[in-house]
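Predicted, not measured: the structure shown is a model, and the values here were computed from it. Chain identifiers are assigned alphabetically (A, B, ...) following the order of the sequence lines, protein sequences preceding nucleic acid strands; residue numbering begins at 1 within each chain.
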Amino acid sequence: DMDEEFHDEL
Amino acid sequence: MNIFRLLGDLSHLLAIIILLLKIWRTRSCAGVSGKSQILFALVFTTRYLDLFTNFISMYNSAMKLIYLVCSYATVFLMYFKFKATYDSNHDTFRMEFLVVPVGGLAFLVNHDFTPLEILWTFSIYLEAVAILPQLFMISKTGEAETITSHYLFALGSYRALYIVNWVFRFYTEGFFDLIAIVAGCVQTILYCDFFYLYITKVLKGKQLTLPA
């Protein structure tokens, strides 16, 4: 699970 | 961005516009659950708090604003302007039965124990069940207006398209967000019964009636 910086989906 | 996510967002936008226009043009919110609309406004509020802090793209910011404005406008029309047409006798699902467990789960299962991330997680879990008051209301009245069924079809299709988007992103980017995927699957499964009725009835020009 990529620990993404922020959520880019709506 | 991929075509599945874009179609999903457009389907979501279409659903929101259909409902807002239905209420505005017929000046009536008969058959619509105000509780589900309150929950959707809460979903967008808790999910888009980063609207002014995390700029992702014009598209992303514009859509967030549109969703927020339209959801609050819908709640306003239902509970103020066209309050007389709101069918509170059939809109009796207890919202606290959704908000409290979802709030607790967001604290326990999340990617990051920070306020923004917990609120985002809360919005993801809440969105999965926010349609329940609406589906419950239709089961109580035993029917839905055709325009309302089109709204529900577009709304259900949006998250189904997002699931395809997540599969696509997994295979092309190796990206996946288990919380969003699990909640998205739950959300879409809740529509299955309705999808069946919509395809077998509404698309054949019949009124959407639930077997009493």
Under 4.5 Å from a heavy atom of chain A, the part of Asp9(B) involved: side chain
By residue number, those in residues 15-49 of chain B with heavy atoms under 4.5 Å from heavy atoms of chain A are Arg47(B), Tyr48(B)
Just by distance, do the side chain of Asn110(B) and the backbone of Ala106(B) share a donor-acceptor pair under 3.5 Å? yes
Are the side chain of Ser11(B) and the backbone of Leu7(B) linked by a donor-acceptor contact shorter than 3.5 Å? no
If you count every heavy atom of other residues, nucleotides or ligands that lies below 6.0 Å from Phe55(B) atom CZ, does the total exceed 12? yes
Does Phe107(B), at its CZ atom, have more than 12 non-hydrogen atoms belonging to other residues, nucleotides or ligands within less than 6.0 Å? no
Hey, can you tell me if Phe80(B) and Phe76(B) have their rings parallel, tilted or perpendicular (30° and 60° cut-offs)? parallel
Do the side-chain N and O atoms of His111(B) and Asp177(B) include a donor-acceptor pair separated by under 3.5 angstrom? yes
Kindly state each residue pair satisfying side-chain hydrogen bond (donor to acceptor under 3.5 Å, both in side chains) with at least one member in residues 92-109 of chain B, sequence neighbours excluded. Thr92(B)-Lys140(B), Arg94(B)-Glu96(B)
Heaviest contributor of heavy-atom pairs below 4.5 Å to chain A, chosen from His12(B), Met63(B), Arg5(B), is Arg5(B)
